[in-house]
Amino acid sequence: MATSDTKNTGRLIDWIILVFVLIVMGLLIADLGSNVVETSGQHRKLANEAADTGASPPSRRDSGR
Amino acid sequence: MNQPKSDRIFALGALILIAVVWIVSAARTQGDLMPVVRATIPKADHITKQDGDLYAAWAEPDEADLLARIAIGSADGYGGPLRMAVAVDPAGVVIGVVIADDKETPAWMGRVLDSGLLKSLIGKSYGDSLILGDDVDGVTGATYTARAMAQATAAGGRDAAAAFGHPVEEPGPPTIVFGPPEIVLILLFAIGFVGHQSRFPYTKQLRWLSMITGLIVIGFLYNSPVTIAYITKLVLGYWPAWQTNLYWYFLIGGILFVFTVDNKNPYCQWCCPFGAAQDCMGAIGGAKTRTPVRFQRLLIWLQRILTLAAILLGVWFRNPGVASYELFGTLFEVLGSSVQFAALGLVLIAALFIKRPWCNYLCPIRPVTDLIRLIRQMVKERWQQATQRTPAA
């Protein structure tokens with residue numbers, strides 16, 4: 001009986017750990033995703049900041065790479 | 001101990017995948033700098049590119065009135081090189097600065113941008129040293145990023161001013177930064193070395209001393225634990241100047257050296273501040289080592305796949321900061337999103353009952369150390385095979 005209880009408790013703990021890991025991992029992946037979105041949107045952000053400071057869009061006469 | 005064949009196949013596949021992504025991301029063309037250069041001086045009629053990373057901003061279409069010269073300055077940030085476009089007027093005064101390229105963690109970059117550091121650089125002279133805490137205010141908790149921005153601005157300012165014919169003094173070699181964090185790190189590694197000796201009678205006490213010191217100094221005081229960004233930085237080949245980044249070299253070099261020579265991890269169990277925080281929680285709650293037998297392999301693989309995904313993202317964007325998903329800053333700097341605080345809360349609560357849940361199931365450092373161990377073992381086996389085949393002279 002005691003062995004069976006120990007086994008059941010062990011199984012329950014296994015499941016609790018798995019659920020815990022999956023939840024935290026989900027949160028971490030969401031955070032990673034937001035990092036990626038922020039990084040990919042960096043150029044847009046720069047363009048917006050330029051607009052906020054009154055920067056004009058690149059002129060046709062601008063020359064460079 | 002022999003690793004299963006699946007581990008070897010995964011390790012090899014992971015290394016090949018990282019190499020492929022590295023090559024593909026390196027081959028991508030660099031972004032056009034002109035929009036960034038243009039943003040430094042909005043009132044210019046047009047901008048022309050001159051030599052190298054030097055541009056000229058003109059007031060009129062006929063190019064009779066030169067408003068400013070713009071140069072791209074570079075310095076080492078937390079994740080890698082950080083470049084700033086710096087506009088300097090004919091008098092040698094900085095009149096515009098824009099970040100051209102960075103490898104920083106977005107949250108930290110946001111912190112620096114919110115601090116108004118960029119605005120404080122406007123009006124500085126090309127001759128100003130722009131040293132944090134001296135002629136520029138530092139940003140608490142984002143020192144590397146703030147320092148890199150100031151240094152890159154100083155470098156760009158000098159180049160732009162030199163193009164105007166101003167006498168520019170080239171800075172000497174960077175001053176060697178060797179202070180409390182470096183000293184503490186060396187001491188902690190030394191303590192770990194002594195504690196690892198099998199004959200040493202006070203290993204447990206020494207380990208706690210080392211962990212608490214790591215928690216306070218590496219964690220709360222300097223927030224400089226090993227992160228996946230450090231590893232990605234290494235993979236990307238972003239080697240910062242040793243003079244100003246001795247801590248990084250001691251930390252990564254020390255861990256790799258001890259692993260290679262001794263096959264022991266001098267960091268995780270001895271001075272990792274996040275590990276120490278979990279140990280403290282565990283001491284309060286009476287945490288036990290719990291091995292979920294049914295899901296052990298699944299959990300190991302989930303941890304490895306998450307780590308690989310983070311490294312691949314960092315390499316793909318060539319930005320180690322993107323790869324960082326650790327909760328270290330959330331704990332030690334109380335900085336992060338609500339998602340990160342939720343994850344941190346769960347980890348700390350779990351640490352009351354389970355020994356080091358983060359280290360065992362989520363930390364990216366464990367799969368990296370597993371990989372180092374595996375490579376070490378494979379090299380050792382090959383070496384032994386080779387020496388056995390070679391007849392003795």
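Quick note on labels: first sequence line is chain A, next is B, and so on, each numbered from 1.
Checking V21(A), L22(A), V24(A) one by one against Y361(B), the side-chain contact (heavy atoms from CB on, under 4.5 Å) holds for a single residue, V21(A).
Nearest heavy-atom pair across A343(B) and L28(A) is CB-CD2, 4.4 Å. The two atoms that bring L32(A) and A310(B) nearest to each other are CD1-CB, 4.3 Å, heavy atoms only. Contact between Q303(B) and M25(A) at its shortest, heavy atoms only, is N-CE, 4.0 Å. The minimum heavy-atom distance linking A30(A) with V339(B) is given by the pair CB-CG1, 4.5 Å.
Contacts of V37(B) with chain A are absent, with no heavy-atom separation under 4.5 Å from either backbone or side chain. For A57(B), no part sits under 4.5 Å from any heavy atom of chain A, backbone or side chain. Contact of L362(B) with chain A is made through the side chain alone, with heavy-atom distances under 4.5 Å. For S324(B), the part lying under 4.5 angstrom from a heavy atom of chain A is the backbone only. If you measure heavy-atom distances from W358(B) to chain A, the contacts under 4.5 Å come from the side chain alone. Heavy atoms closer than 4.5 Å to chain A are found nowhere in L344(B), neither backbone nor side chain. For I16(A), no part lies under 4.5 angstrom from a heavy atom of chain B.
For N8(A), the CG atom counts as densely surrounded, since its 6.0 Å shell holds more than 12 non-hydrogen atoms of other residues, nucleotides or ligands.
Separation of atoms CG (D14(A)) and CZ (R294(B)) is listed at 6.5 Å; rounding is to 0.5 Å.
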**OP:** I would like to know whether I354(B) and I13(A) meet side-chain contact (heavy atoms from CB on, under 4.5 Å); could you show each step before the answer?
**Re:** CA-CA 10 Å; I354(B) 309 166; I13(A) 290 172; over 6 Å; no

**OP:** Take Y325(B) and N35(A) through the test side-chain contact (heavy atoms from CB on, under 4.5 Å) and record every step on the way to the result.
**Re:** CA-CA 9 Å; Y325(B) 65 80; N35(A) 268 0; over 6 Å; no

Subject >> Evaluation steps, side-chain contact (heavy atoms from CB on, under 4.5 Å), between L298(B) and L18(A) >> reply: CA-CA 9 Å; L298(B) 172 69; L18(A) 180 68; 3.7 Å; yes

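Contact annotation: the side chain of F317(B) approaches that of V36(A) to within less than 4.5 Å [non-hydrogen atoms, C-beta and beyond].
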